[in-house]
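Following: one structure in structure tokens, then a few remarks.
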Protein chains: 2
Amino acid sequence: MSPAAGIVDVCAALGDPTRWQVLERLGSGPASASRLATELPVTRQAIARHLEVLADCGLVERERVGREVRYRVVGSALTTAARRLDAMAEAWDRRLERLRDLAERE
Amino acid sequence: MSPAAGIVDVCAALGDPTRWQVLERLGSGPASASRLATELPVTRQAIARHLEVLADCGLVERERVGREVRYRVVGSALTTAARRLDAMAEAWDRRLERLRDLAERE
DNA sequence: TCGATGTGCAACACGATTGTTGCACACAGC
DNA sequence: GCTGTGTGCAACAATCGTGTTGCACATCGA
């Protein structure tokens with residue numbers, strides 16, 4: 001149960017401000033890379049790479065619509081990540097509290 | 001309610017495998033940078049910087065014990081981050097579902 | 001057919017990260 | 001006082017990440 005696999009990649013993806021801008025924009029409705037580029041202060045190519053990162057770790061989904069590629073947020077991926085983090089926090093808290101109890105018993 | 005402040009930094013901190021090793025080790029009990037360096041395959045200085053990153057976003061706490069500095073995991077910080085992510089995921093899901101309903105009504 | 005729009009790929013610049021080594025300093029214990 | 005251990009700081013190398021420009025190609029629509 002060590003690294004919980006993809007959680008590191010998800011966190012790395014969420015560790016960039018521009019990707020948060022992309023995600024929050026997609027949270028209000030699907031859009032293509034070109035569309036996003038008109039609304040955010042970065043070029044389409046930069047956004048395309050951010051979208052690739054987000055898609056690689058499952059935070060967004062691609063969907064071809066004619067000649068354009070539309071991206072949508074995958075809320076469940078974020079929910080899963082949140083649950084994993086919460087479970088780890090709880091486990092750590094329990095272990096440390098047990099240590100504290102042991103120390104105080106002597 | 002845009003970037004939720006420190007969540008980006010927390011995620012960035014969690015986006016590095018070595019920092020996960022440090023966190024998981026600290027999850028089994030507090031330790032100093034030198035101690036961690038003997039258990040992980042990186043130098044003390046590298047670990048010290050990772051600990052600084054983790055401390056800056058509240059994921060670990062420093063505590064001086066004599067001449068050494070002990071670090072402990074702060075589970076509540078991780079829990080807070082998890083709750084924020086979960087809340088965002090839920091908000092996005094709700095908004096997208098409302099969009100879907102609107103589209104299907106016409 | 002032709003132009004406009006959307007995408008894909010490559011090269012490049014630049015700063016940030018990550019890791020190292022080396023040295024200086026503080027302090028606990030002999 | 002001296003040695004060992006823990007910390008702090010600085011310099012350095014190498015890689016990665018982010019963003020840019022430029023160009024080629026596909027496709028929708030007039």
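In the text below, chain A, chain B and the rest are named by the order of the sequence lines, each starting its count at 1.
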Anything under 3.5 Å between a donor and an acceptor, one on a side chain of residues 32-42 of chain A, the other on a protein residue two or more places apart or in another chain? List them.
from, atom 1, to, atom 2, distance (Å)
S32(A), OG, R35(A), N, 3.2
R35(A), NH1, E39(A), OE2, 2.3
T38(A), OG1, R35(A), O, 2.6
E39(A), OE1, R25(A), NE, 2.5

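Looking at heavy-atom distances under 4.0 Å, R70(B) makes no contact with the nucleic acid at all. Using a 4.0 Å heavy-atom cutoff across all strands shown, R35(B) reaches no nucleic acid atom at all.
We find that OH of Y71(A) is positioned 10 Å from C1' of dG8(C), with the value rounded to whole Å. If you take CD1 of I47(A) and P of dT20(D), they are 9 Å apart, rounded to a whole angstrom. Following rounding to the nearest Å, D9(B) (CG) and dT17(C) (C1') show an atom-to-atom distance of 15 Å.
Where V53(A) and R62(B) meet DNA chain D, the nucleotide closest to each residue was compared, and R62(B) sits on the side nearer the 5' end.
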Quick one: do L14(A) and R19(A) satisfy side-chain contact (heavy atoms from CB on, under 4.5 Å)? Show the steps, please. CA-CA 7 Å; L14(A) 293 176; R19(A) 277 194 285 271; over 6 Å; no

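With sequence neighbours excluded, no residue satisfies side chain to side chain donor-acceptor pair (under 3.5 Å) with R49(B). Residues passing the side chain to side chain donor-acceptor pair (under 3.5 Å) test with E68(B), sequence neighbours excluded: R70(B).
End-to-end axis angle of the helix from dT1(C)-dA30(D) to dC30(C)-dG1(D), using five pairs per end and rounding to 10°, comes to 20°.
Among residues at least two apart or in separate chains, salt bridge (Lys or Arg N to Asp or Glu O under 4.0 Å) pairs with a member in residues 57-66 of chain A are E63(A)-R72(A).
Counting heavy atoms from C-beta outward, V22(B) and Y71(B) have side chains that stay 4.5 Å or more apart.
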What string of B, S and - do you get for nucleotides 19-30 of chain C 5' to 3' if you count protein non-hydrogen atoms under 4.0 Å? BBBB----BS--

